[in-house]
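Worksheet: the structure to be examined is printed underneath.
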Amino acid sequence: MKLIIHGGFFSESGTNQEIKKAKQEALAIIAEASYVFLKTHSAVQTAVFAVSLLEDSELFNAGYGSQIQSDGKIRMSAALMDGGTERFSGVINIEDVKNPIRIAEKLLPLQDRVLSGSGAKDFAREHDFPYFNPQSPQRKHEYEQKLQNSVRLGTVGCVVLDEFNNLAAATSTGGKGFEIPCRVSDSATVAGNYANRFAAVSCTGVGEDIMSGAVAAKIVTRVTDGFKLGDACEKTLTELSGFDGFAGVIGIKSTGEIYHADTHPYMVWASYDDGLEVFS
């Protein structure tokens with residue numbers, strides 16, 4: 001049993017030591033709690049559990065604390081993939097909910113498994129997910145100060161291998177901030193979140209770059225074809241250099257190999273294998 005989580009890149013709300021320490025502590029707590037949860041739950045359940053905790057923290061750009069789009073609204077996206085069944089589900093640009101990953105989980109067993117916009121919100125209400133305003137004071141302050149020219153790259157994700165060697169990946173994002181309303185990120189696509197019975201990957205970075213490189217699906221495909229996970233990650237990220245692509249990945253292979261990598265330092269992450277490890 002093992003897992004790895006990420007909290008996006010270290011650039012959303014500053015890079016000072018206070019924020020760094022806060023993210024280290026938050027990721028450590030969430031990784032440990034999720035590993036305990038994994039002992040009695042499946043990979044899919046644990047991936048959702050971990051990402052929902054990340055969504056609940058205002059330190060990360062997903063769920064509570066999501067970025068505000070150029071029209072003043074928050075629209076979030078999230079995806080879930082079960083490596084055993086290869087079923088993918090997600091919500092795109094959903095508004096007014098607390099945990100987008102929980103709606104993606106609810107969609108996983110259905111025939112129509114990816115919903116967007118008002119349809120996603122209607123589905124959430126029909127399944128008793130209440131109204132929630134995900135705007136944090138920090139994001140509101142950033143919006144009011146018109147920081148649209150700063151670089152904010154944030155997503156959260158979790159990849160899990162459970163005791164039965166089942167893999168799952170879950171990813172959630174609050175967007176990049178000040179984008180064109182309803183812009184679609186990679187997080188609710190197979191470019192940003194992908195798993196099968198060989199490997200599982202979650203991405204963060206510039207969504208358009210990740211989709212251009214088909215990053216998560218490409219890494220998992222390469223592992224399926226015989227690559228080591230580390231080699232598949234490095235080769236795929238190197239291929240982004242032609243257009244200076246900005247991405248970070250976390251992944252686990254069914255054999256137990258765990259890996260993280262990024263094209264621009266640095267992604268914040270924590271893993272739990274034989275013990276806890278947190279970015280430094």
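Hydrogens, waters and symmetry mates are skipped; everything else that's a heavy atom, side chains included, is used.
Residue Tyr194 is grouped with residue Val223 when hydrophobic side chains (ILVMFWY) are merged at heavy-atom distances under 4.5 angstrom, including chains of intermediate members. Tyr131 and Ile94 fall into different hydrophobic clusters, where Ile, Leu, Val, Met, Phe, Trp and Tyr residues are linked whenever their side-chain heavy atoms come under 4.5 Å apart, directly or through other members. In the hydrophobic cluster analysis, where Ile, Leu, Val, Met, Phe, Trp and Tyr join through side-chain heavy atoms closer than 4.5 angstrom, Ile250 is grouped apart from Met81. In the hydrophobic clustering of ILVMFWY residues, with side-chain heavy atoms under 4.5 Å counting as a link, Leu3 and Val36 come out apart. Following chains of ILVMFWY side-chain contacts shorter than 4.5 Å, one cannot reach Tyr35 starting from Ile29, and the two form parts of different hydrophobic clusters.
Looking at Thr263, its side chain never comes within 3.5 Å of a backbone N or O of Leu237 through a donor-acceptor pair. Asn93 contributes a side-chain N or O that, together with a main-chain N or O of Cys182, makes up a donor-acceptor pair within less than 3.5 Å. Judged by distance alone, with hydrogens and angles left aside, the side-chain atoms of Lys2 form a donor-acceptor pair with the main-chain N or O of Gly256 at under 3.5 Å. With hydrogens and angles disregarded, a donor-acceptor distance shorter than 3.5 Å links the side chain of Arg125 to the backbone of Phe129. Side-chain N or O atoms of Asp82 include one that pairs as donor or acceptor with a backbone N or O of Gly84 at under 3.5 Å. Of the possible donor and acceptor atoms, none in the side chain of Thr236 sits under 3.5 Å from a partner among the backbone N and O of Cys233. Within the 3.5 Å criterion, the main-chain N or O of Ser172 finds no donor-acceptor partner in the side chain of Thr155. Judged by distance alone, with hydrogens and angles left aside, the side-chain atoms of Glu257 form a donor-acceptor pair with the main-chain N or O of Gly230 at under 3.5 Å. Side-chain N or O atoms of Glu105 include none that pairs as donor or acceptor with a backbone N or O of Val48 at under 3.5 Å. Checked by atom type and distance alone, the side chain of Asp231 never pairs as donor or acceptor with a backbone atom of Glu234 at under 3.5 Å.
Few gaps surround CZ on Arg113; more than 12 heavy atoms of other groups in view lie less than 6.0 Å from it. In the displayed structure, Lys253 atom NZ is contacted under 6.0 Å by more than 12 heavy atoms of other residues, nucleotides or ligands.
Put simply, CD on Gln69 and CE on Met76 are 10.0 Å apart, with the number rounded to the nearest 0.5 Å. Atom CG of residue Leu161 and atom CG of residue Leu38 lie 8.0 Å apart, to the nearest 0.5 angstrom. Interatomic distance, CG of Asn61 versus CZ of Arg139, reported as 5.0 Å (0.5 Å rounding). Rounded to the nearest 0.5 angstrom, Asp262 CG and His6 NE2 are separated by 11.0 Å. Between atom CZ of residue Phe243 and atom CG of residue Asp209 there is a gap of 5.5 Å, rounded to the nearest 0.5 Å. One distance of note links CD1 of Ile92 with CG of Leu115; it measures 9.0 Å at 0.5 Å rounding.
With contacts defined as side-chain heavy-atom distances shorter than 4.5 Å, the pair Lys23/Phe60 qualifies. Inter-residue side-chain proximity for Val160 and Phe37 is flagged as unmet; no heavy-atom pair is nearer than 4.5 Å. In this structure, the side chains of Lys176 and Ser185 stay at 4.5 Å or more apart for every pair of heavy atoms. Ile219 places a side-chain heavy atom less than 4.5 Å from the side chain of Leu229. The side-chain heavy atoms of Asn193 and Phe88, taken from C-beta on, include a pair separated by under 4.5 Å. Using a 4.5 Å heavy-atom threshold, the side chains of Leu54 and Leu27 count as touching. Side-chain contact check for Val220 versus Phe198: every heavy-atom pair is 4.5 Å or farther apart. In this structure the side chain of Asp56 reaches within 4.5 angstrom of the side chain of Lys98, judged on heavy atoms.
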Should Ser254 and Asn165 be marked as a side chain to side chain contact (heavy atoms under 4.5 Å, CB included) after you check the CA-CA gap, both sets of side-chain angles, and the distance that decides it? CA-CA 6 Å; Ser254 58; Asn165 282 341; 5.6 Å; no

List the steps, then state whether side chain to side chain contact (heavy atoms under 4.5 Å, CB included) holds for Phe49 with His41. CA-CA 10 Å; Phe49 176 80; His41 294 82; over 6 Å; no

Show your working on side chain to side chain contact (heavy atoms under 4.5 Å, CB included) between Phe279 and Met267 and close with a plain yes or no. CA-CA 8 Å; Phe279 81 96; Met267 178 178 61; over 6 Å; no

Would Val114 and Leu107 count as a side chain to side chain contact (heavy atoms under 4.5 Å, CB included) if you check the C-alpha gap in whole Å, the side-chain angles of each, and the deciding distance to 0.1 Å? CA-CA 7 Å; Val114 181; Leu107 286 163; over 6 Å; no

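A donor-acceptor contact closer than 3.5 angstrom is absent between the side chains of Thr46 and Asp162. Inspection of the Ser187 and Ser77 side chains reveals no N or O donor paired with an N or O acceptor under 3.5 Å.
Checked against salt bridge (Lys or Arg N to Asp or Glu O under 4.0 Å), Lys235 has the following partners two or more places apart in sequence or in another chain: Glu239.
The minimum heavy-atom distance between Thr171 and Cys203, with the atom names listed, is CG2-O, 3.8 Å. Between Met1 and Glu163 the shortest heavy-atom distance is CG-N, 3.4 Å. Among all heavy-atom pairs drawn from Pro109 and Arg87, the shortest one is O-NH2, 3.2 Å. Closest heavy-atom contact between Ile4 and His260: CD1-CB, 3.9 Å. The two residues Leu240 and Gly213 come nearest to each other via the heavy atoms CD2-CA, 3.8 Å. Nearest heavy atom pair, residue Gln67 against residue Ile74, reads O-CG1, 3.5 Å.
Between Phe132 and Tyr64, the two ring planes are perpendicular [angle over 60°; tilted spans 30° to 60°]. Ring geometry, His264 versus Phe246: the interplanar angle falls under 30°, so the pair is classed parallel (tilted spans 30 to 60°).
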